[in-house]
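Here is the structure we will look at, set down as structure tokens.
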Amino acid sequence: MGMYSFIVLQKALEVWDLQVIASDSPVAEHAQIDPDLENAFICHLHDHWFCIRKVNGEWYNFDSLYAAPQHLSKFYLAAYLDSLKNSGWSIFLVRGNFPKEFPIASSEASNGYGQWLSPEDAERITKSCNNTQSPQRISSTQQEDQDLNAAIAASLM
């Protein structure tokens, strides 16, 4: 999400009836004990944002630095969130009326803006990319262009 401020992110998600809550807020206390009870988290450090989202009952890390979403077990979710927080990341819960779960089959979910991968496809893509290169940061200008294009596409849906 590039250089967007928290307020911009919060306002953008309000349009979709979603609220962003800091994980250290008293309202979020039970999420610190059992994060699996939530549906999504947004993680922020410096100029990088990414989300961790439950899709069809499974957790995924949707960090754009990786070639495909990374599957997270329920146990690893809690450990990963703690690790991020201890490394200085800001963690936010996302609550509200999430869109209906999507079918896994990419042929059923294709809408021109992307495609849903099966867990096996995501793992295969990740392994393939890990064998050839490690995730690299893209320039802030490229990221801003990608963010702008994604925001425009989302607003047209």
Verify the cluster assignment for Leu9 and Ile7: are they in a single hydrophobic cluster under the rule of side-chain heavy atoms below 4.5 Å apart?
yes
Checking Phe50 against Leu65 for the side chain to side chain contact (heavy atoms under 4.5 Å, CB included) test, could you report, in this order, the C-alpha distance in whole Å, the side-chain angles of both residues, the deciding distance, and whether it holds?
CA-CA 9 Å; Phe50 69 91; Leu65 296 179; over 6 Å; no
Going from CG on Asp82 to OH on Tyr76, what distance comes out if it is rounded to the nearest 0.5 angstrom?
11.0 Å
For a side chain to side chain contact (heavy atoms under 4.5 Å, CB included) check, start with the C-alpha distance between Val8 and Lys11, then their side-chain angles and the critical distance, and finish with the verdict.
CA-CA 5 Å; Val8 170; Lys11 293 295 181 191; 6.0 Å; no
Could you give the distance from CG (Asp36) to CG (Asn39), rounded to the nearest 0.5 Å?
9.5 Å
Supply the atom-to-atom distance Ile52 CD1 to Phe62 CZ, rounded to the nearest 0.5 angstrom.
10.5 Å
What are the two closest heavy atoms between Ala22 and Phe92, and how far apart are they?
CA-CD2, 3.7 Å
For the residue pair Arg95 and Ala28, what are the closest heavy atoms and their distance?
NH2-CA, 4.1 Å
Give the cluster check for Leu18 versus Val15: same hydrophobic cluster or not, with ILVMFWY residues linked at side-chain heavy-atom distances below 4.5 Å.
yes
Residues Lys54, Glu38: salt bridge by 4.0 Å N-O rule
no
After noting the C-alpha distance and the side-chain angles of Phe41 and Leu93, does the key distance pass the side chain to side chain contact (heavy atoms under 4.5 Å, CB included) rule?
CA-CA 5 Å; Phe41 298 90; Leu93 286 66; 4.0 Å; yes
Using 0.5 Å steps for rounding, measure from the NZ atom of Lys85 to the SG atom of Cys43.
11.5 Å
Approximate separation, where rounding is to 0.5 Å, of Ile42 CD1 and Leu13 CG:
5.0 Å
Does the ring center of Tyr80 lie less than 6.0 Å from the ring center of Trp89?
no
I'd like to check Arg53 versus Val94 (side-chain heavy atoms, cut-off strictly below 4.5 Å). Are they in contact?
no
Please step through side chain to side chain contact (heavy atoms under 4.5 Å, CB included) for the pair His44 and Trp49, ending with a clear verdict.
CA-CA 5 Å; His44 173 252; Trp49 298 81; 3.0 Å; yes
Which atom pair, heavy atoms only, marks the closest approach of Asp24 to Gln32?
CA-NE2, 3.5 Å
Looking at every non-hydrogen atom in both residues, tell me the closest pair between Pro35 and Trp59 and how far apart they are.
O-CZ2, 3.7 Å
Shortest non-hydrogen contact from Asp63 to Asn61?
N-OD1, 2.9 Å
Which pair of non-hydrogen atoms, one from Gly57 and one from Lys74, has the smallest distance, and what is that distance?
O-CE, 4.4 Å
